[in-house]
Amino acid sequence: MEFGYTLLCEQTPPKQLVTDLVEAEDAGFSYSVISDHYFPWLEEMGHSAYTWSVLGALAQATDRIPLMTFVTCPIMRYHPAVVAQKAATVGVLSDGRFTLGLGAGENLNEHVVGRGWPSADVRHEMFAEAVEIIRALFGGDYVNYRGRHFNVDSAKLYDLPDEPVRIGMAASGHRSAHLAARHADALISDQPLGDVVRLFNNEAGVGKPVYGQIPIAFGDDPEEAKRRAHMWRFSVPGWKVMAELPGPVNFEAASETVRPEDVLKAVPCGNNVEDYIEAVQQWSDAGFTHVSFCQTGADHQKDFRTWAEYDLLPALRERFP
């Protein structure tokens, strides 16, 4: 397995995102992922910088660590032809270190352009068309496309990396896993869903990367870490709820009855390495090849990186070679 570092734009100021990744690269993380939101899930998180500007800075500030969106939605807020151009440019700036992680999106971020929020069936149709467009543009030729949801009129990318940008696709069920198997170079999931991974591997061929992410609350004071972990209460209702809510106030209302103990089932806390190994084991058992850690709190990133460099990463690499 490979172990990554998550940059969560919703909790961290944009300049700190850059310095965090420079230090994460030095600490020995194998890759990085970065979220792409217009809003934070909760008002208390307090940030939501434009990810693509940050990616340009990250590509120049780091030397070797791979970069990846986790994830970008190419169906509403961005037209897929524009996503292709952005991704190709980051691929050039990073000397081929960039993977375009894509997902079908959340109402939270996509409603801002005033086009409403389609049903899940329609979103998956749009997602499939978007990936076809992006893949075609990565080929370097002129692209014309007439679909049910998107049109492209004689588009061409002039700045492309030496190798086409890899595409990862998020999946949380069989329908999205089938889609990823047809179109993606990698699978992405925020849950250790072994049946989704098996379906993807069966249809796409074993050997493609499978990316997951674990929210954590590292800290030397376990009780303080547990209190900080409660930020992740917004995710407890599950993806079918999360994808539909339109704003931070709605996430706050949907999660107001979530108890700290409900969150702790999925968020390792404190500084016991064995707790983190146990959490990673679930993802390993489900067939994931890559897992990144999303540390809770902008002010607690440096402490986590130091601990990870000397304690967590060596232990994980011994346990999951």
Side-chain angles (χ1 to χ4, degrees), residues 6-14 17 33-51 69-73 75-78 101-124 126-127 170-173 175-176 188-193 212-219 223-269 279 293-300:
T6 296
L7 297 165
L8 196 65
C9 289
E10 297 74 34
Q11 71 170 0
T12 307
L17 292 168
V33 301
I34 185 169
S35 59
D36 184 2
H37 269 219
Y38 197 90
F39 281 99
W41 290 279
L42 302 172
E43 290 288 351
E44 69 189 62
M45 299 175 80
H47 296 279
S48 198
Y50 183 54
T51 294
T69 47
F70 210 81
V71 291
T72 285
C73 175
I75 68 171
M76 299 284 290
R77 186 168 34 123
Y78 310 134
L102 297 172
E106 297 177 67
N107 191 12
L108 174 69
N109 306 300
E110 308 309 316
H111 78 268
V112 297
V113 295
R115 294 175 55 197
W117 186 234
S119 68
D121 287 346
V122 173
R123 297 199 302 268
H124 280 91
M126 297 173 73
F127 194 26
S172 58
R175 181 169 50 185
S176 51
I188 299 167
S189 181
D190 63 352
Q191 302 172 64
L193 302 173
Q213 174 180 270
I214 301 177
I216 65 171
F218 166 77
E223 293 307 313
E224 183 278 333
K226 290 176 183 178
R227 290 192 294 273
R228 190 162 20 97
H230 196 233
M231 181 193 79
W232 293 97
R233 65 189 180 276
F234 70 83
S235 64
V236 171
W239 182 249
K240 288 187 177 181
V241 174
M242 292 175 62
E244 306 301 329
L245 298 177
V249 64
N250 307 101
F251 276 89
E252 197 69 63
S255 60
E256 64 181 358
T257 61
V258 176
R259 303 166 300 173
E261 53 265 37
D262 298 325
V263 175
L264 297 178
K265 296 174 184 177
V267 183
C269 296
F293 295 97
C294 189
Q295 163 72 333
T296 308
D299 295 338
H300 297 268

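As the structure is a computational prediction, the values presented were derived from the model and not from experiment.
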Self-check item: Least distance between heavy atoms, C9 atom then H47 atom
Solution: O-CB, 3.3 Å
Quiz item: Is it true that a side-chain atom of R123 and a backbone atom of W117 form a donor plus acceptor pair closer than 3.5 Å?
Solution: no
Quiz item: Donor-acceptor pair, T296 side chain versus A229 backbone, under 3.5 Å?
Solution: no
Quiz item: Which distance, rounded to the nearest 0.5 Å, do you find between the CG of L245 and the OG of S255?
Solution: 9.0 Å
Practice problem: Using modelled atom types only, decide if a donor and an acceptor are shared between the side chain of T72 and the backbone of L102 within a distance under 3.5 Å. | Solution: no
Practice problem: Dump the intermediate steps for side chain to side chain contact (heavy atoms under 4.5 Å, CB included) on L7 and T12, then the final yes or no. | Solution: CA-CA 8 Å; L7 297 165; T12 307; over 6 Å; no
Practice problem: Write down the atom of A298, the atom of P13, and the distance for their closest heavy-atom approach. | Solution: CB-CD, 4.4 Å
Self-check item: Closest non-hydrogen atom pair, V258 against V263
Solution: CG1-CG2, 3.8 Å
Quiz item: Is there a donor-acceptor contact under 3.5 Å linking the side chains of W41 and E106?
Solution: yes
Self-check item: Interatomic distance, W239 atom CH2 to E244 atom CD [nearest 0.5 angstrom]
Solution: 9.5 Å
Quiz item: Do C269 and K226 come within less than 4.5 Å of each other through their side chains, counting heavy atoms only?
Solution: yes
Practice problem: Could you please spell out the steps behind the side chain to side chain contact (heavy atoms under 4.5 Å, CB included) verdict for L42 and R233? | Solution: CA-CA 10 Å; L42 302 172; R233 65 189 180 276; 3.8 Å; yes
Self-check item: Donor-acceptor contact present, side-chain H124 to main-chain A120, <3.5 Å
Solution: yes
Quiz item: G105 and A243: which non-hydrogen atoms are nearest, and at how many Å?
Solution: O-CB, 4.3 Å
Quiz item: With a 4.5 Å heavy-atom cut-off, do S176 and F127 have their side chains touching?
Solution: no
Self-check item: Close side-chain approach of M76 and P118, heavy atoms under 4.5 Å
Solution: yes
Quiz item: Looking only at atom types and distance, does a side-chain atom of Q11 sit under 3.5 Å from a main-chain N or O of M45, one as donor and one as acceptor?
Solution: no
Self-check item: Least distance between heavy atoms, I214 atom then P268 atom
Solution: CG2-CD, 3.8 Å
Quiz item: Roughly how far apart are I216 CD1 and F293 CZ, rounded to 0.5 Å?
Solution: 6.5 Å
Self-check item: M231 and E44: CA distance, side-chain angles, deciding distance, side chain to side chain contact (heavy atoms under 4.5 Å, CB included) verdict
Solution: CA-CA 8 Å; M231 181 193 79; E44 69 189 62; 4.1 Å; yes
Exercise. Could you tell me whether Y38 atom OH has more than 12 heavy atoms of other residues or ligands within 6.0 Å of it?
Key: no
Self-check item: Gap separating the OH atom of Y50 from the CG atom of D36, nearest 0.5 angstrom
Solution: 7.5 Å
Quiz prompt | H37 side, atom NE2; L8 side, atom CG - distance, nearest 0.5 Å | solution = 8.0 Å
Quiz item: Passes side chain to side chain contact (heavy atoms under 4.5 Å, CB included), L108 versus F234? Steps please.
Solution: CA-CA 12 Å; L108 174 69; F234 70 83; over 6 Å; no
Exercise. Say whether, by atom type as modelled, one donor and one acceptor occur between the side chain of E110 and the main chain of R77 under 3.5 angstrom.
Key: yes
Exercise. Look at the side chain of S48 and the backbone N and O of E10, then say whether any donor-acceptor pair between them is shorter than 3.5 Å.
Key: no
Quiz prompt | H300 backbone acceptor or donor facing Q295 side chain under 3.5 Å | solution = yes
Quiz item: Closest heavy-atom contact between S35 and T51?
Solution: O-OG1, 2.5 Å
Quiz item: Between R227 and E224, does at least one N-O distance fall below 4.0 Å, as a salt bridge requires?
Solution: no
